[in-house]
Amino acid sequence: MAKTVTVVIDRSDAGAQRRFEVPVGRRETVLDALFYIQNDLDPTLSFRCACRVGMCGSCGILVNGGERLACRTALEPLGPVVELAPLRYFPRVKDLVVDFSAFYSRYRAVAPYLKPRPAVVDPVVAPPGSGLREEIDLGLECISCGLCLSACDVVGQVPEFLGPAALNRAYNLVADVRDAADAERLEVVGDRRRGVWQCHSHMSCVEVCPKGLAPTRAIAHLRRKLVAQAFFGRRPRPVPSQQRFAEGAR
Amino acid sequence: MRHRVTVGSRVFTFHRITGLLILGYLYLHLALLSSVLLPQGPRDFNAVAQVVERPPFLAGDLLLFALLLYHAVNGLRLVLVDLGWFIRRRTIGLIGAGAVGLVVLGLMAGALWPFVVR
Amino acid sequence: MATAERHSSSESAGRPRPLSWSWLLQRLSGVLLILLVGGHLWAEHFQQPGQLIQYQGVLARLQQGLFQVLDLGLLVAVVFHGLNGLVNVVSERWPALSRAAGLLGLVVGTATVLWGADILWVFWYRHPFLEL
Amino acid sequence: MQIEQVDLLILGSGGAGLFAALHAYDTNPRLAILVATKGLLGKSGCTRMVQGGFNVVLDPRDSLELHFTDTLKGGRYLNDQELAWVLVHDAPATIHELETRVGCFFDRREDGTIHQKPFAGQSFDRTVHRGDLTGIEIMERLRDQVLARGIPVWEEHRAVELMVAEGRCVGALLLDIRQGRFVGVEARATLLATGGGPTMYKISAPSLEKSEDGLALAYRAGAVMRDMEMVQFHPTGLLAGAGRVTGSVLEEGLRGAGGRLYNALGERYMARYDPERMERATRDVVSRAGYLEIMAGRGGPQGGVFIDVSHLGADFVRKTFPGMVQRVRDVGFDLATGPVEVSPTAHFHMGGVAIDPDGHSSLPGLYVAGEDAGGVHGANRLGGNGVAESTVFGRRVGDALGQEAAALPRGHLPPQAWEARARHHRRFWERKGGENPAHLLQELRQLMWEKCGLVRNQADLQACLVGLARLRDRLEAVSVAGSPSYNLRWSDALNLESLITVSELIAAAALLREESRGSHFRADFPQENDGEWLKNIFMALSGDATRVWTEPVRFTRQRPPGWEAGKEDEAQHGTRVAPGTV
């Protein structure tokens with residue numbers, strides 16, 4: 001345990017200690033370093049975490065300037081000096097803790113919830129290859145950690161931009177045969193100022209996503225959908241086959 | 001707030017810079033043509049052509065072509081991204097675009113060579 | 001267990017979707033430009049490698065409608081693509097100026113196209129000031 | 001102090017809390033609902049961390065009776081059978097709602113119907129899932145629906161006290177973690193859905209912010225608790241040195257799919273403990289076997305045993321368990337091609353607040369759903385029944401609240417009463433240079449692991465209670481300093497208090513139960529004793545003392561095999577009182 005790393009933390013209190021020497025073992029993460037500092041060096045340090053296995057998306061921070069989940073970032077390979085800072089574009093609560101309103105105001109705008117079609121009363125039958133699920137599958141498992149928003153180069157220039165996560169969710173629902181609200185959702189994501197047109201396809205969101213999702217892909221699909229609908233109009237979705245449950249489920 | 005510098009944003013920033021430079025060149029091109037052509041006629045046109053097709057200018061031409069090529073190849077890559085290509089394989093897209101650009105630039109240099117040895 | 005029914009379209013009435021023409025045309029003009037610029041360079045400089053560009057040669061070529069159309073198309077596409085791109089840069093940085101930038105872009109673009117058309121016109125109609 | 005008034009206060013934003021919020025809202029949209037959560041909306045808590053999936057009867061070849069019997073067998077017949085029946089009965093409707101209304105999209109079979117995978121302790125493959133990280137899909141979609149309804153949510157507001165007036169729960173005192181100040185919320189009905197989370201063990205699986213707050217709060221408020229000795233250890237917690245990933249679960253589907261467990265000698269040791277079911281035995285059996293192997297010196301370099309799924313084929317493993325492969329890769333191993341060192345890890349608390357099928361606790365005005373409640377799983381929970389519990393009961397209790405909450409009386413407490421409780425939780429600020437709660441927490445985790453863990457005995461449990469009493473004394477020497485805003489040391493102190501409280505209940509109940517059943521194993525009473533101990537242990541605070549009593553299990557739907565009717569009457573009179581108080 002002789003090896004140590006210097007961790008430099010961007011603190012909200014300018015007078016607070018910023019540099020810490022942290023011993024490092026082979027399997028420890030940035031989150032472990034934060035716990036060590038808070039437990040034993042400076043109890044006033046604030047950071048956020050919950051599940052510690054990359055499922056909840058609470059511990060996103062900037063590690064050496066890049067968006068990372070603290071719990072899934074091994075400390076040792078980062079080198080002798082590690083700089084930690086809160087996510088960009090999120091209002092700071094304290095130290096590394098940010099307010100997620102920056103994320104949710106955008107997320108909410110796309111109506112991110114299923115509005116079920118009346119015709120879909122039972123779970124849809126979606127065999128592989130039917131196209132009912134493949135597109136959606138690629139965009140599921142977003143943990144709304146906000147890393148993509150912080151990494152998005154457009155958000156800095158155009159603060160109204162809905163951002164990668166919200167657009168990814170929007171596409172999931174637009175591609176979902178169960179959903180009835182694609183018209184209103186497309187109207188939001190097609191907005192000139194906030195919507196998909198603003199994306200520069202830098203793919204910084206793809207680069208940082210801890211779940212390996214590609215919001216750029218969702219955005220590209222939304223653009224094509226908007227273009228296609230502008231020229232060819234809208235085709236009604238056929239009602240898919242549905243799975244009847246064995247026992248009285250409803 | 002510090003802005004993020006990533007591979008993607010560098011590539012894009014350069015895309016915009018090349019775009020602006022090319023737009024600037026467009027006006028230079030038009031100005032040259034109109035100032036030489038309209039008032040002065042074929043003799044001067046050919047005299048100017050003599051000058052601007054000497055090797056130092058050809059090097060400039062090659063540079064201009066490189067800018068144009070960067071803008072074109074990267075632009076094409078972005079269009080392909082909009083069609084769903086090279087998103088999960090961004091690195092392949094970037095490397096591929098770079099390779100295509102270099103090959104075309106080499107062809108252009110080869111095509112300009114006769115002007116040099118003329 | 002599974003049933004399939006065809007759909008009657010009461011759920012989804014179609015209405016036109018918002019579309020960014022600026023975005024779409026930027027991409028279309030961009031792809032078009034790759035072809036047009038390539039054609040332009042080829043036509044003007046590489047017909048006879050090593051030969052200097054000659055007024056007479058340019059004149060002869062531009063009197064063919066195909067090349068005239070090619071250059072006119074190139075002119076329109078490049079002006080749109082360049083200025084629209086510039087307007088986008090301005091309106092991203094300074095959203096308040098986006099309208100003004102758009103209008104200015106339209107004016108400057110029209111002027112530039114007229115200017116360029118005037119140059120092409122020289123070759124097409126043998127400008128009266130010019131002597132062959 | 002600011003004191004807000006609502007009709008319904010929901011504590012917790014996991015599967016139970018959010019499902020209850022949706023159903024209460026949909027049943028009665030005029031109800032003033034407030035959700036308060038210790039972490040971020042839908043992100044803290046354990047439904048989020050569900051990996052394997054959700055047990056439900058969907059296939060015509062399966063049946064509710066089979067699922068019910070599996071659940072009782074798994075729980076060693078200590079379950080409240082009415083609660084267990086609700087779990088089994090409502091699960092299909094819950095999955096149906098998740099798929100068609102909430103927006104989840106679970107994995108499908110080749111024929112396009114919902115896929116169900118094998119889990120341990122089940123007579124039919126009935127676990128619905130989305131990949132191997134099912135909780136993400138469930139929580140994200142429930143959160144979306146909460147956003148759709150605009151239900152107010154206070155994030156990072158942890159409950160520190162349930163307020164009681166004239167025998168009713170009248171709301172809760174919350175600590176606004178960001179501001180570091182207290183807020184009171186008066187409510188006609190309060191739903192406790194904070195989840196348990198036995199993190200008082202050296203190796204534990206739950207989300208890091210979890211600290212059994214809900215159980216501690218309910219107990220302090222006087223609610224009746226049951227089966228507190230029943231803490232489940234999951235057999236395959238990942239070992240990652242000193243890192244916080246240690247203890248996180250490698251999902252049960254690995255064993256369900258045919259994963260094998262080996263000790264350091266390369267023996268497939270389950271053959272000695274459960275030759276019939278091998279690795280697909282229930283969690284209590286497999287965990288204890290692993291623990292005994294480790295204690296017998298047959299553990300690996302990190303003090304664990306090994307799970308190996310490589311014989312299933314690397315491609316199959318990567319495709320079926322991408323989340324697990326990634327997690328293991330993060331700590332430097334490859335699940336697809338070789339064995340990975342694991343250890344039993346404290347995972348779930350079967351014990352909790354005693355409730356009826358609509359979530360009523362013994363304290364009027366207090367409703368409980370999810371892991372905070374006890375009785376559904378008896379002495380051991382089946383994998384895949386956990387998220388089923390939180391959603392099934394969240395949904396059901398939400399319906400009950402939608403119908404009942406508006407008509408409940410509003411109890412009032414004078415502002416001084418709220419202030420007094422707030423002062424109590426501020427007491428750590430009055431000292432300087434005291435104990436570090438983080439270090440006390442480490443001691444607690446060590447103590448509980450050694451003395452009240454997978455294998456227990458009378459002497460250890462007594463020592464454990466002594467140790468806990470000492471830790472409680474030292475808790476009163478903890479000091480906190482700095483700004484109250486987002487003060488993690490203060491959180492540590494509050495967490496520690498909850499954990500000590502619940503640990504005391506676990507140890508006391510474990511001492512009382514002189515037999516081995518399910519997750520509770522007594523080395524000094526290694527046999528299951530149906531004659532004496534088909535009973536539940538109940539505990540409730542009354543005044544300063546803890547009332548402890550037992551009641552025979554009521555077999556309202558199914559009797560354990562070999563159970564003779566005659567014994568029931570005999571047992572009815574077997575009520576006993578615990579030696580001493582907690």
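Please read these numbers as outputs of a predicted model, since none were measured by experiment. Order of the sequence lines sets the chain letters (A, B, ...), proteins ahead of strands, with each chain counted from 1.
With sequence neighbours left out, D/F68 forms a ring-ring contact (aromatic ring centres under 6.0 Å, His included) with D/W85. Taking the side-chain contact (heavy atoms from CB on, under 4.5 Å) definition, one finds that A/L41 meets it with A/F20, A/Y36, A/I37, sequence neighbours left out.
Residues A/Y113 and A/R185 approach most closely at O-NH2, 3.1 Å, considering heavy atoms. Closest of all the heavy-atom pairs between D/T246 and D/G241 is OG1-O, 2.9 Å. Taking all atoms of both residues into account, the shortest heavy-atom contact from D/D132 to D/E251 is CB-OE2, 3.2 Å.
Of the atoms belonging to A/A126, heavy atoms from both backbone and side chain fall under 4.5 Å from chain D. Both the backbone and the side chain of D/R244 have a heavy atom closer than 4.5 Å to some heavy atom of chain A. Of the two parts of D/V56, neither the backbone nor the side chain holds a non-hydrogen atom closer than 4.5 Å to a non-hydrogen atom of chain A. Looking at A/K115, there are no atoms closer than 4.5 Å to chain D (heavy atoms on both sides), in backbone or side chain. Looking at D/E137, the atoms closer than 4.5 Å to chain A (heavy atoms on both sides) all sit in the side chain, from C-beta outward. For A/R48, the parts sitting under 4.5 Å from any heavy atom of chain D are the backbone and the side chain alike. Proximity to chain D (any heavy atom under 4.5 Å) is restricted, for A/D176, to the side chain, taken from C-beta onward. Looking at D/V249, neither its backbone nor its side chain comes within 4.5 Å of chain A, counting heavy atoms on both sides. Proximity to chain D involves both the backbone and the side chain of A/I143, based on heavy atoms less than 4.5 angstrom apart. Only the side chain of D/R327 comes within contact range of chain A, judged by heavy atoms closer than 4.5 Å. Of the atoms belonging to D/S491, not a single heavy atom falls under 4.5 Å from chain A. Proximity to chain A (any heavy atom under 4.5 Å) is shown, for D/R61, by neither the backbone nor the side chain. Neither the backbone nor the side chain of D/P322 comes within less than 4.5 Å of any heavy atom in chain A. With a threshold of 4.5 angstrom between heavy atoms, A/S46 approaches chain D through its backbone and through its side chain. Contact annotation for A/R52: both backbone and side-chain heavy atoms come within less than 4.5 Å of a heavy atom of chain D. For A/L75, no part lies near chain D; criterion is any non-hydrogen pair under 4.5 Å. In this structure, chain D has no heavy atom under 4.5 Å from any part of A/S130. Using a 4.5 Å cut-off between heavy atoms, A/L132 contacts chain D through its backbone alone, with no side-chain atom that close. Contact annotation for D/D492: only side-chain heavy atoms (C-beta onward) come within less than 4.5 Å of a heavy atom of chain A. Neither the backbone nor the side chain of D/E97 comes within contact range of chain A; no heavy atom of the residue lies under 4.5 Å from a heavy atom of that chain. Of the atoms belonging to A/V97, it is side-chain heavy atoms, and not backbone ones, that fall under 4.5 Å from chain D. Heavy-atom distances place both the backbone and the side chain of A/F47 under 4.5 Å from chain D. With a 4.5 Å cut-off on non-hydrogen atoms, D/L40 touches chain A through its side chain but not through its backbone.
Residue with the most contacts toward chain A among D/D90, D/I95, D/I114: D/I114 (heavy-atom pairs, distance under 4.5 Å). Note on D/E156, D/Q179, D/K210, D/M139: by heavy-atom pairs under 4.5 Å with chain A, the leading option is D/E156. Ranked by non-hydrogen atom pairs under 4.5 Å with chain D, the options A/T73, A/D40, A/I136 are led by A/D40. Each of D/K38, D/E209, D/R48 has some count of heavy-atom pairs under 4.5 Å with chain A, and the biggest count is that of D/R48. When the candidates A/R108, A/R133, A/R72, A/E141 are compared by the number of heavy-atom contacts under 4.5 Å with chain D, A/R133 comes out ahead. Of all the listed residues (D/L133, D/N487, D/V480, D/L238), the one sharing the greatest number of non-hydrogen pairs under 4.5 Å with chain A is D/L133. For the set D/A148, D/G482, D/A438, the entry with the most heavy-atom pairs within less than 4.5 Å of chain A is D/A148. Annotation: maximal heavy-atom pairing with chain A below 4.5 Å, among D/L147, D/I177, D/V102, occurs at D/L147. Contacts with chain D were tallied for A/S144, A/G129, A/C142; A/S144 has the most, counting heavy-atom pairs under 4.5 Å. For the set A/C51, A/A111, A/S58, the count of heavy-atom pairs under 4.5 angstrom toward chain D peaks at A/C51.
Ionic pairing of D/E155 and D/R143 is not present here: no N-O contact between side-chain nitrogen and carboxylate oxygen is shorter than 4.0 angstrom. Salt bridge status for D/R130 with A/D137: present, with a side-chain N to carboxylate O gap under 4.0 Å. The pair A/K94-A/D13 does not meet the salt-bridge criterion, since no charged nitrogen lies less than 4.0 angstrom from a carboxylate oxygen. The pair A/K3-A/E76 counts as a salt bridge, with a side-chain nitrogen and a carboxylate oxygen less than 4.0 angstrom apart. Note on D/R109 versus D/D59: salt bridge recorded, some NZ/NE/NH1/NH2 to OD/OE distance being below 4.0 Å. Look at A/R217 and A/E135 and you find a salt bridge, because one of the NZ, NE, NH1 or NH2 atoms lies within 4.0 Å of a carboxylate O, short of that distance. Ion pairing of A/D32 with A/R27 is absent here, as no side-chain N (NZ or NE/NH1/NH2) approaches a carboxylate O to less than 4.0 Å.
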**Item:** Criterion salt bridge (Lys or Arg N to Asp or Glu O under 4.0 Å) on D/D26 and D/R101, from CA distance to verdict
**Value:** CA-CA 12 Å; D/D26 290 346; D/R101 292 290 164 259; over 6 Å; no

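With 3.5 Å as the limit, one finds a donor-acceptor pair spanning the side chains of D/Q145 and D/R149. No hydrogens or angles considered: a donor-acceptor pair under 3.5 Å links the side chains of A/T44 and A/R11. Judged purely by distance below 3.5 Å, without hydrogens or angles, the side chains of D/H439 and A/N39 never pair a donor atom with an acceptor atom.
Taking the side chain as every heavy atom from C-beta outward, D/E110 and A/P128 approach each other to under 4.5 Å.
Under the 30°/60° scheme for interplanar angles, the aromatic rings of A/F90 and A/F103 are found to lie parallel. Aromatic ring pairs are classed by plane angle as parallel below 30°, tilted from 30° to 60° and perpendicular above 60°; the pair A/Y171 and A/H221 is parallel.
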